[in-house]
Amino acid sequence: MLSACSLLLTACGSDNDTASGKTRITVNCMPPKSARVDHALFAEDVASFEKQNPDIDVVAHDAFPCQDPKTFDAKLAGGQMENVFYTYFTDAKHVVDIGQAADLTPYLKELKSYGTIRKELRDIYTVDGKVYGVPRTGYSMGLIYNRKLFEKAGLDPDKPPTTWQEVRTDAKKIAELGGGTVGYADYSAQNQGGWHFTAELYSQGGDVVSPDGRKATIDTPEGHAVLQNLHDMRWVDDSMGSKQLLILNDVQQLMGSGKLGMYLAAPDNIPILVKEKGGDYKDLAIAPMPGGKGTLIGGDGYMFHKGDSPAQIRAGLKWLDHMFLTPGEGFLGDYARAKRRGAPVGLPEPRLFTGAADAKDQRIKMANANVPVENYRAFLDGNQGLRMRIEPPKAQQIYSVLDGAVSAVLTKEDADIDALLDDASGKIDSILARS
C-alpha cells in the first residue's frame, strides 16, 4: 500500500483512473500502522475486495486523525484529496458549497446499501436534492451512569432517569452518599460546555440557531431551563461537586474512579472508561438523553472528489458497500472477527441501518457480544423515539460563546441567566452574520 499521493502514477483526484487495465481509486482513513490490529483488519478487507473485484485497484492512505482540519481545505483546493475521502458530518455542506464534491445521485443504484441507511443520516449528505456523500458511522449523546452508585443510593439501575427533573433528583441522592461522590458532572471549558449546552437544549426541544442559520435561538424557555437546571444542581442541591470548569478527561477520570453517578457522553466513552480510567463494564450503563425530545448526533462518512470519473465513482461505491455498509461483514461489521481479536463487541453504537438490515446487524452483533449488552438496552430502545440533531453551523465558534454561559452558572451562585443568554445571543448573531 502506498501512503502518499506523490507516490502514485496519477494525482489523487485525477481523471486518469486506470492502471494496468484496472480502475484505480485512492481512499483515506485507513487506521495508522501504530493501531496494529485495526490496520491489519482494514488491509485484509481491502485485499478481499480486490479479490472479489479484480478490475479495481484500491490504494489506501493511513492517517490519524482521519481528517486534519488544518489541511483539509487546502487538500481540496489543491486537487490532492483522495478519490473517496473521509468527512465529518459537519463538513458535508461546506464541501458542496465550495464545489469540491462529485454528485453521486446518478450512481446511487450502484450502492446496494443506500436504501437501508437511516434517512436522517442520508440527509446530512443531501444538498438541494442531490446526494454528495454516504454516512459510515454515527454517534448520539446519551446519559452514562454508574449502576453500582445507583444501587447504593437506593435507586433502580434498570430504570435510569428519563427527564431532567429525575436527573436532578437522582443526582442529589447519589451525592448524599458522601465521600467525595458527585451525582452529576458536566463540562464547562474548552468549547465542551457549549457542546453539552447544545445537546441539553436539543433534548428539551430547543435549537441553537434559526432554521435559516441567521439568528441565535437560545434565549428561549428551553435555553433558560438548561442553565437553570445546571445552576440548581450545583448550588441548591450540591450534587455537582465544588470543582468546576471540567473537560472530558476530568469527568472520565471521575467516572472511572467510581465517584460519579452520571454524565452526558457518546457510547464510545465506555471502552475508554474501562481501558484507561479503571472502570468496569458491568458497572457502566447508558440511557437515552433525558428530556425525550432530541439528541445531538455526529459521525462521519465518505465523499467523492469532484474530478472522479464515472468508473471511479462506481468503484468507490462498491468499496463502501464492502468495507462498511454490509451488516455483519467488513471492517466495521464483522463482529465475529472482532471478538476473536479481543475487541469489545456489543457496545451501543447508534444504529446506522433500518428494517431488515438493522435486524440482521443487531442479531449478529448480539450473537458475538462480549460486553454486558443489557446495560445499553435503554439507550438503544430510547434513541428510536428521539429526534436526531446535528451540530449547528459554526459550531466551535458558537460553543466558545456558550462556554461562558455554562461556566458562569456553575461558578457563580448569583449568575444572571437572562443576561447570560441575551449576551450569548448577540455574540452568536455576530458569528452567523460573518458566515
Donor-acceptor contact below 3.5 Å, side chain Asp62 vs main chain Met30 | no
Taking atom NZ of Lys119 as the centre, does the number of heavy atoms from other residues, nucleotides or ligands within less than 6.0 Å exceed 12?
-> no
Sidechain-backbone polar pair: Asp321 side chain, Leu111 backbone, donor-acceptor under 3.5 Å | no
Charged tip of Arg136 within 45° of Tyr302 ring normal and under 6.0 Å = no
Scan the side chains in residues 253-261 for donor-acceptor partners under 3.5 Å anywhere in the protein, sequence neighbours excluded, and list what turns up.
| unit_1 | atom_1 | unit_2 | atom_2 | d |
| --- | --- | --- | --- | --- |
| Ser257 | OG | Gln253 | O | 3.4 |
| Ser257 | OG | Leu254 | O | 2.8 |
| Lys259 | NZ | Gly179 | O | 2.9 |

Measure from the side-chain N and O atoms of Asp334 to the backbone N and O of Arg337, and report whether any donor-acceptor pair falls under 3.5 Å.
-> yes
Which one of Tyr88, Tyr86, Tyr139 satisfies the side-chain hydrogen bond (donor to acceptor under 3.5 Å, both in side chains) criterion with Asp300?
-> Tyr86
Can you name the residues that form a side chain to side chain contact (heavy atoms under 4.5 Å, CB included) with Ala101, not counting sequence neighbours?
-> Val95, Val96, Tyr132, Met303
Answer whether the closest heavy-atom distance between the side chains of Thr90 and Ile390 falls below 4.5 Å.
-> no
Considering the options Lys93, Gln100, His94, which one meets the side-chain hydrogen bond (donor to acceptor under 3.5 Å, both in side chains) requirement together with Asp97?
-> Lys93
With sequence neighbours excluded, tell me which residues meet side chain to side chain donor-acceptor pair (under 3.5 Å) with Thr87.
-> Tyr125
Should the heavy atoms of other residues, nucleotides or ligands under 6.0 Å from NZ of Lys148 be counted, would the total exceed 12?
-> no
Residues Asp55 and Lys318 bridged, charged N to O under 4.0 Å = no
Assign the ring pair Phe331 / Phe42 to parallel, tilted or perpendicular, where the plane angle (0 to 90°) is split at 30° and 60°.
-> perpendicular
Counting only N and O atoms by type, is there a donor-acceptor contact under 3.5 Å from the side chain of Ser400 to the main-chain atoms of Gln397?
-> no
Is any NZ, NE, NH1 or NH2 atom of the basic residue among Lys282 and Asp280 found under 4.0 Å from an Asp or Glu carboxylate oxygen of the other?
-> yes
Cationic N near anionic O, under 4.0 Å, Glu82 to Lys75 | yes
Does NZ in Lys277 sit with more than 12 non-hydrogen atoms of other residues, nucleotides or ligands closer than 6.0 Å?
-> yes
Among Ile144, Val167, Asp186, the one residue meeting side chain to side chain contact (heavy atoms under 4.5 Å, CB included) with Met262 | Val167
